[in-house]
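Some notes on the structure that comes next.
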Amino acid sequence: MYDMAILWEWLAFAVRWTHVITAIAWIGSSFYFIALDLGLNRDIPGPADGEEWQVHGGGFYFIQKYLVAPEAMPAHLTWFKWESYATWLTGFALLMVVYWAGANLYLIDPAKADLSIWQGIVISAASLAVGWVIYDFLCKSPLGERPTGLMLLLFAMLVVMSWGYNQVFTGRAALLHLGAFTATIMTANVFLIIMPNQRIVVADLKAGRKPDPKYGKIAKLRSTHNNYLTLPVIFLMLSNHYPLAFGTQYAWIIAALVFLLGVTIRHYFNSMHARTGKPTWTWAATVIIFIVMAWLSTYPGHETYEESEARALTPTEDRYAHAEGFADATQIVQGRCSMCHAREPVWDGIRWAPKGVFLETDADIARHAHDIYVQAGISHAMPPANVTGISDADRQVLARWFRAAS
């Protein structure tokens, strides 16, 4: 149980679990407040901008919204910020655990760019910071007064980043990083813009000054951006489970189209909550975009069998390929796993290798040594229901080979 690979897997699981929990909290509160704000009854007397009666859990709630703040600061004020902060922090930790620590397997694609581990990590980290700097500059420019133009330019930036990530990282890492790039913008909006503006308003109220409405306007713009970016980020964070999304040469276009899906879907619900109608055309647009994505996914973009056979092994792959027991492990994997994990699977009902993992060549098997160890060596996760009949003795062979090289 003290095997480092096992402990690392459980660490990744714990961080991923926490990330999902905090993301649910953030997304839930974000969607709730957007729907609340759009659905407020604004035909009311008094200083409040709007109010709403709601029912939930057997109780009735009466909610009022003020554009700036009420005349007197309430004794108890709830700030919605930690959901966002915790989501980003756990997501960044997961990025380090999975993609930085496992850079040779999940981050760097030698067929695309000859990067060392440290170079891949620097590109990964720097791109997240640069994205926020560019986005924030655009929002503070005169474009900030033209929301539609700003959104179009933001979309163009995301398309460029999608293409760029796909030039240097694995398809799986490229989509994940585009999601992290977007999520960093969203959390920075909360941490660096929305919360500081709200603190200025609170400080003015405490000092007896009338708060400037511009701070609420700025925060509203950034909050709206976050609202439209949420669904694409969820898709990109889940994309590593779907090789049809990341395992094609057009993965960067698929990722870009996901942002259009986020706009069409959120526009429908935002319009519905605002009681301005139900624009059903958005569903037709969503279906069309989704069909285009599915069509693009059928064009392969992975390393071919011949390319895998011909290219030189990375240092990590070479270590596993020359470890004691590699020949026996290769025979087991090719006999029990490669019928599904192939570029052209032969197992009935399998048309694409699960999770885009290929186990045909020596380079394939050496590259995925860790996954083989965890999935088939020390656990019975693969193959499903042990349909190919890997014996316990074979699993021990796989485990001994991995440990010999570790």
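Model, not experiment: these values are computed from the prediction. We're numbering straight along the sequence, starting at 1.
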Are a donor atom and an acceptor atom from the side chains of [X] and [Y] found within less than 3.5 Å of each other?
X	Y	answer
D37	Y32	no
R367	Y320	no
T87	H19	no
Y165	S127	yes
T248	S297	no
S308	D364	yes
N240	Y106	no

Next item on the list: Could you please spell out the steps behind the side-chain contact (heavy atoms from CB on, under 4.5 Å) verdict for S84 and M186?
Entry: CA-CA 8 Å; S84 172; M186 294 171 65; over 6 Å; no
Counting the benzene-type ring for Trp, do [X] and [Y] have ring centres under 6.0 Å apart?
X	Y	answer
W283	H267	no
Y61	H56	no
W8	F13	no

Apply side-chain contact (heavy atoms from CB on, under 4.5 Å) to the pair Y135 and N189, showing each step before the final yes or no.
CA-CA 10 Å; Y135 165 80; N189 272 338; 3.1 Å; yes
If we only count heavy atoms from C-beta on, is the E309 to Y305 side-chain gap below 4.5 Å?
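Side chain of E309 against side chain of Y305, heavy atoms only: contact under 4.5 Å found.
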- Message: So for atom NZ, which belongs to K65, do other residues, nucleotides or ligands contribute more than 12 heavy atoms lying within a distance under 6.0 Å?
- Response: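 Yes, NZ of K65 has more than 12 neighbouring heavy atoms, counting only those of other groups under 6.0 Å.
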Atom pairs and distances, side-chain donor-acceptor, residues 322-330, under 3.5 Å, sequence neighbours left out:
{"unit_1": "H322", "atom_1": "ND1", "unit_2": "D318", "atom_2": "O", "d": "3.0"}
{"unit_1": "H322", "atom_1": "ND1", "unit_2": "D318", "atom_2": "OD1", "d": "3.1"}
{"unit_1": "T330", "atom_1": "OG1", "unit_2": "F326", "atom_2": "O", "d": "2.8"}

